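Ligands are counted one by one from 1 in listed order, and the atoms in each one are counted from 1 as well. The first residue of the sequence shown is numbered 1, and numbering continues consecutively from there. What you see is a predicted model, and the numbers here were worked out from it, not measured in a lab.
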Amino acid sequence: MKGRIHSTESFGTVDGPGVRYVVFFQGCPLRCKYCHNPDTWEYSGGHEVTAEELMREYDSYKEFLKTGGITATGGEPLAQPEFLAELFSLAKSKGVHTCLDTSAGVYSPAEHSKIDEVLKYTDLVMLDIKHIDPDGHKKLTGMGNSHILAFAEHIRDLGIPVWIRHVVVPGITDKYDELFRLGEYLSTLKNVKALDVLPYHDMAKPKYAELGIDYPLPDTPPLSKEAAIRAREIIISGIKSGLRKRI
Ligand code: SF4
């Protein structure tokens, strides 16, 4: 079986625990306004590879990757579930740690058997929750969030550890109430192992210009690290409030 990928990175340090071999899948159903990788959007882009070819490349770096493993990111890796399941099952057969970095835009609560096949071989999920408000999520990404939250609850029920990532964008995802609500929601996910709150930046602007796509947030300033730290504190206070309510 062949999958369509954008590229690979041999020594990823921000895509899961340890140093990792990172596979960027091609194709994504979302159109996040702050996306750094618009070149991964089109399903017809990138190039084809087999899971064996990727694992051979992994093997050539494996001495450096002992503390890490393999991460599937994108684009949206779950948009190619059969190929991803083959890649992760091959990785697990070699004892390699697997991490799925997803926005879960393709998840359907009604039909998820193919995605469950991937999850069987997934050690860790890194899940982006882009906006807790359904309308806000739609404005930011082009899609509502009910199926994405359903995915979060599904992996909770399966007991798969998850790292949550949230990008704070001035004027879009920085409202106190929404950050607090996000925290309250996260308090229902007992499988959360980490919370990464990232400040929006606009370093992808030149990529958009190169691709001839209008940059979606031309007037939005980057967020300071301090503001992201404050946003994280609000989310944490929401988590605490949610936990207290259920005692
Ligand atoms: S889900 Fe990721 S790759 Fe897809 S548009 Fe959003 S940021 Fe970009």
N37 heavy atom under 4.0 Å from ligand 1: no
ILVMFWY cluster, L100 and V192 together (side-chain gap under 4.5 Å): yes
Metal proximity, C28 vs atom 4 (Fe) of ligand 1, N/O/S cut-off 2.8 Å: yes
Residue part near ligand 1, for K130, under 4.0 Å between non-hydrogen atoms: side chain
Exceeds 12 heavy-atom contacts within 6.0 angstrom, atom NZ of K92: yes
Distance-only polar pair, side chains of S7 and E9, donor-acceptor under 3.5 Å: no
Atom 8 (Fe) of ligand 1: the protein heavy-atom neighbour that sits closest, reported with distance to 0.1 Å: C35 SG, 2.3 Å
Residues Y121 and E86: side-chain donor-acceptor under 3.5 angstrom: no
Parallel, tilted or perpendicular: ring planes of Y208 versus Y215, cut at 30 and 60 degrees: perpendicular
For ligand 1, the portion of C32 having any non-hydrogen atom under 4.0 Å away: both
Nearest-neighbour protein heavy atom for atom 3 (S) of ligand 1, which is reported as residue plus atom name and distance: G75 N, 3.4 Å
Region of W41 engaging ligand 1 - heavy atom pairs below 4.0 Å: side chain
By side chain to side chain donor-acceptor pair (under 3.5 Å) - contacts of T71 (at least two apart): R20
Heavy-atom nearest neighbour in the protein, as seen from atom 1 (S) of ligand 1, with distance rounded to 0.1 Å: S103 OG, 3.2 Å
